[in-house]
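Throughout, a chain's letter reflects where its sequence line sits, starting with A, and its residues are numbered from 1. Note that the structure is predicted; figures quoted are calculated from it, not measured.
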Amino acid sequence: MAEANNFIEQIIDEELESGKVSAIMTRFPPEPNGYLHIGHAKSLCLNFGVKEKYNGKCNLFLDDTNPSKEKEEFEEAIKKDIAWLGFSYDRITHASDYYEQIYNYAEKEIELGNAFVCDMSPEEISLNRGTLTEAGKESPNRNRSVEENLKLFREMRAGKYADGEKCLRAKIDMASPNINMRDPVIYRILRETHYRTGDKWCIYPMYDFAHPICDYLQGVSHSLCTLEFEDHRPLYDWVGITLGFNPKPRQIEFARLNVTNLVMSKRYLKKLVEEGKVDGWDDPRMPTLTGIRNRGVPAEALKDFCARIGISKANSEVQISYLEACIRENLNLNAERAMGIKKPLKLTITNYEGSEEVDFEINPNEEEKRTRKVAFSKNLFIDEDDFSLDPPPKYYRLKKDGYVRLKSAYIVKCDDVIIGEDGKVKEVLCSYVKESKSGNDTSGIKVKGVIQWVNADTCRDIEIRDYGYLLKDEEYAGQDFSERMNENSVMIFNGKVEPYVFNRQFGKPYQLIRTGYYKLLDVKGKTVLSQIVSLKDNFNK
RNA sequence: AGGGGUGUAGCCAAGCGGUAAGGCACUGGAUUUUGAUUCCAGCAUUCGUAGGUUCAAAUCCUGCCACCCCUGCCA
């Protein structure tokens, strides 16, 4: 057996060794009330990771016990996102698939004297729950007979009472220091149409009661959830013990994922979508899985990220640079390259006539290197930032009387500069070194700088949007995120749509591999090409 | 305040009584037709803190401190 990847696998290893468990099964349990985000990816990787490691099982379990929040749309989106990540579950299950059985278990609890129908209103229950330091007060209905409880509970199911008029409570301990154990409500009356069961039910089990039952019924051995459920574990166990589950699933908690500056709360994401601040749940700026996919982030990169940050119980916040590093690493290995410039500056090669095609390497990392033909002529554009009239020390790019290589083509020397009326450089006049052609350079000239270029005769304009993330800061609550969008800029590409990936900052290294972060639009006529391009995607087009 | 948790570098995170893995970030240097990549080197005498046990403590014990979660008929 391979070494445990985290403390959960360590626990499982021990249980396996002691014979406490034999078959391993997990479940990924989202509530279908929103789209999955990066945080869910961590849970997905954990649950499916355990399944794969122990040759076990893992279901997709939709926790739909609150019909007022849940929708078919979300369930479908969840399935798509999981498919994108490449995980395959053994079964799709829903809490609603087990409503009848959960109901029967509730009756069993009543018969066992472990549950009672309470007549108090939600407000009264809250008032009598006590505080963190004081015990709560017992409900006057706490000692009803089994027969009466059974009758009342059946009447609840039959629709005899209004919403909130009665509820079923577990009879545990109103003096427990753990507030979750102070006779928690386990069934409530709720007249709400459920997206799967319609109006069949008017009572619904609470998470705390339904979850351990559903886990047990599915054969889940380890129920992995986030830290905030630690206080619920005694209740989870109470249900399993009182109902005699054997083997009883074990709940283990781990820390949820936080990423610096990323808004990860479903509530805010939902608000952004509803208020039209973003184009939808799949807007590339959203930290949702569908959004991040639209950015061009490869699923493998996200999974790699999840594997690298690990699983622990310490509350933590991972720097976004870690996520970016995983994406960059993947893209660097797999993404196609292309040349492009953001701020066009005309460059004319005065001693070059005619045209030819040069070979451009598509991906320097691939074993069998492919190349793409790029038309070369005397009329080119280079980026404004690649030329300097007044170069700082160690400036490797083009300057007056300086040499530079046009990537995949020739070495050129800047002979002259045409200054426009505004005093800015309007055009650069160069001469090329004929023997320096890329691939068989016999010129003997060594240049430090290599710059990109596009052919002015064949290139086309493309508008590009550099998607930032939806950032949060210390006061992100209620903030207008639309101000956070990055500005558009014009990019010129060589011929076809060749998304490029760069983000050049003066004096800083090229950041060539930030591809997939751009949505290309056709400037002319504002036609949306509507492709969110990553170099990898482009490769397939 | 009662209960439940967590504290190892700027950020994640291994470690489980034998003398602090790894990654991100960062800093040097080499290679480079992307100032990228790649490569090589550096980066915690110390594990929240104060004591104790031990030949030996990040690991065991005790006290203290800090942070997170819990008073929905949400999950």
Exercise. When you measure from the side chain of A:Thr133, which nucleotide among B:rG35, B:rA1, B:rC70 comes out closest?
Worked result: B:rA1
For this session: Determine the contact category for A:Pro234: base if any of its heavy atoms lies under 4.0 Å from a base atom, sugar-phosphate if only primed atoms, P, OP1 or OP2 are that close, otherwise nothing.
Result: nothing
For this session: Send over the distance from A:Phe376 CZ to B:rU33 P, rounded to a whole Å.
Result: 18 Å
Exercise. Judged by modelled atom types alone, do A:Ser223 and A:Arg250 share a side-chain donor-acceptor pair under 3.5 Å?
Worked result: no
For this session: For A:Asn440 and for A:Pro122, find the nucleotide of RNA chain B with the closest heavy atom, then tell me which residue's nucleotide is more 5'.
Result: A:Asn440
For this session: May I ask you to evaluate whether A:Ser68 reaches the phosphate of B:rC74, defined as a side-chain N or O under 4.0 Å from OP1 or OP2?
Result: no
Exercise. Hey, which of A:Thr65, A:Asp63, A:Asp64 is the one that makes side-chain hydrogen bond (donor to acceptor under 3.5 Å, both in side chains) with A:Ser96?
Worked result: A:Asp64
For this session: Go through B:rC73, B:rU6, B:rG2 for me and flag the one nearest to the A:Lys313 side chain.
Result: B:rU6
Problem set entry | B:rG63 pairs with, by Watson-Crick or G-U criteria that keep both distances under 3.5 Å | B:rU49
Exercise. When all nucleic acid strands are considered with a 4.0 Å heavy-atom cut-off, which category describes A:Met120: base, sugar-phosphate, or nothing?
Worked result: base
For this session: Look at the side chain of A:Arg397 and the base of B:rG35, then say whether one donor and one acceptor between them are separated by less than 3.5 Å.
Result: yes
For this session: Check the angle between the aromatic planes of A:Tyr204 and A:His194 and answer parallel, tilted or perpendicular using the 30° and 60° thresholds.
Result: parallel
Exercise. Which part of the nucleic acid, if any, lies within reach of A:Ile186 when heavy atoms closer than 4.0 Å are counted: base, sugar-phosphate only, or nothing?
Worked result: nothing
Exercise. Does A:Glu274 pair with A:Lys270 as a salt bridge, N-O distance under 4.0 Å?
Worked result: no
Exercise. Over how many whole Å does the gap from A:Asn178 atom CG to B:rG5 atom P extend?
Worked result: 10 Å
Exercise. Counting side-chain heavy atoms from C-beta on, which of B:rC70, B:rG5, B:rC73 comes nearest to A:Asn180?
Worked result: B:rC70
For this session: Scan nucleotides 7-12 of chain B nucleotide by nucleotide, 5' to 3', and note B when protein non-hydrogen atoms come under 4.0 Å of the base, S if they reach only the sugar-phosphate, - if neither.
Result: ---BSS
Problem set entry | Length of the line joining A:Tyr207:OH and B:rG72:C1', which is rounded to integer Å | 15 Å
For this session: Indicate whether OP1 or OP2 belonging to B:rC74 is found under 4.0 Å from a side-chain N or O atom of A:Arg188.
Result: yes
Exercise. For the pair made of CD in A:Glu367 and C1' in B:rU37, what is the distance, rounded to whole Å?
Worked result: 16 Å
For this session: Would you kindly give the CD1-to-C1' distance between A:Ile125 and B:rC73, to the nearest whole Å?
Result: 7 Å
Problem set entry | Interatomic distance, A:Arg256 CZ vs B:rG5 C1' [rounded to whole Å] | 15 Å
Problem set entry | Whole-Å C1' distance, B:rU6 and B:rU49 | 15 Å
Exercise. When you measure from the side chain of A:Glu31, which nucleotide among B:rA75, B:rG72, B:rC16 comes out closest?
Worked result: B:rA75
Exercise. Any donor-acceptor pair under 3.5 Å between the side chain of A:Asp231 and the base of B:rG3?
Worked result: yes
For this session: Compare side-chain N and O positions of A:Thr131 against OP1 and OP2 of B:rG2 and report whether any pair is under 4.0 Å apart.
Result: no
Exercise. Looking at A:Phe376 versus A:Tyr410, is the centre-to-centre ring distance below 6.0 Å?
Worked result: yes
Exercise. In whole Å, what separates the P atom of B:rC60 from that of B:rC69?
Worked result: 27 Å
For this session: Would you please classify the geometry between the A:Tyr98 ring and the A:Phe61 ring as parallel, tilted or perpendicular, with 30° and 60° separating the classes?
Result: tilted
Problem set entry | Touch class at under 4.0 angstrom, heavy-atom based, for A:Gly449 against every strand present | nothing
Seminar exercise, completed: Mate of B:rC26 across any strand shown (Watson-Crick or G-U wobble, both atom pairs under 3.5 Å) is B:rG42
Problem set entry | Syn-anti status, with the boundary at 90° from 0, for the nucleotide B:rG23 | anti
For this session: For nucleotides B:rC16 and B:rA21, find the distance between their P atoms and express it as a whole number of Å.
Result: 12 Å
For this session: If the plane angle is over 60° it's perpendicular, under 30° parallel, otherwise tilted; pick one for A:His40 and A:His37.
Result: tilted
Exercise. C1' atom, B:rC12 versus B:rU19: distance in rounded Å?
Worked result: 25 Å
For this session: Would you kindly check whether a donor in the side chain of A:Ser438 faces an acceptor in the base of B:rU33, or vice versa, at under 3.5 angstrom?
Result: yes
Problem set entry | B:rC26 to B:rG10 separation - C1' atoms, rounded to the nearest Å | 9 Å
For this session: Would you kindly compare A:Asn6 and A:Glu165 by the position of their nearest RNA chain B nucleotide and give the one closer to the 5′ end?
Result: A:Asn6
Exercise. Who does B:rC55 pair with, Watson-Crick or G-U, both distances under 3.5 Å?
Worked result: B:rG18
Exercise. Separation of A:Arg267 atom CZ from B:rC74 atom P, in whole Å?
Worked result: 17 Å
For this session: State which of B:rC24, B:rA75, B:rG5 makes the closest approach to the side chain of A:Glu230.
Result: B:rG5
For this session: Examine distances only and state if a side-chain atom of A:Ser18 and a backbone atom of A:Glu15 form a donor-acceptor pair shorter than 3.5 Å.
Result: yes
Exercise. Which part of the nucleic acid, if any, lies within contact of A:Thr65, taking any heavy atom under 4.0 Å across all strands shown: a base, the sugar-phosphate backbone alone, or nothing?
Worked result: sugar-phosphate
Problem set entry | Distance between P atoms of B:rU32 and B:rC39 (Å, rounded) | 16 Å
Problem set entry | A:Arg129 side chain near B:rG72 phosphate (N/O to OP1/OP2, under 4.0 Å) | yes
Exercise. Does a salt bridge link A:Lys369 with A:Glu366, judged by any charged N lying under 4.0 Å from a carboxylate O?
Worked result: no
For this session: State whether A:Gln10 places a side-chain N or O below 4.0 Å from either non-bridging phosphate oxygen (OP1 or OP2) of B:rG15.
Result: yes
For this session: Mind checking A:Lys69 for me? I need base, sugar-phosphate or nothing, with any heavy atom below 4.0 Å counting as a touch.
Result: base
For this session: May I have all residue pairs that pass ring pair (Phe, Tyr, Trp, His ring centres under 6.0 Å) and include part of residues 153-172 of chain A, sequence neighbours excluded?
Result: A:Tyr103-A:Phe153, A:Phe153-A:Tyr187
Exercise. Looking for any heavy atom pair under 4.0 Å, which part of the strands does A:Lys437 touch: base, sugar-phosphate only, or nothing?
Worked result: base
Exercise. Is the closest basic N to carboxylate O distance between A:Arg142 and A:Asp183 below 4.0 Å?
Worked result: yes
Exercise. If you look at every strand shown and take non-hydrogen atoms under 4.0 Å, does A:Phe229 touch a base, only sugar-phosphate, or nothing?
Worked result: base
Problem set entry | For atom NE2 of A:His232 and atom C1' of B:rU71, their distance in whole Å | 11 Å
Exercise. Using the C1' atom in both, what is the distance from B:rU46 to B:rA41, to the nearest Å?
Worked result: 23 Å
For this session: For B:rA14 versus B:rG7, give the span between their P atoms, rounded off to a whole number of Å.
Result: 9 Å
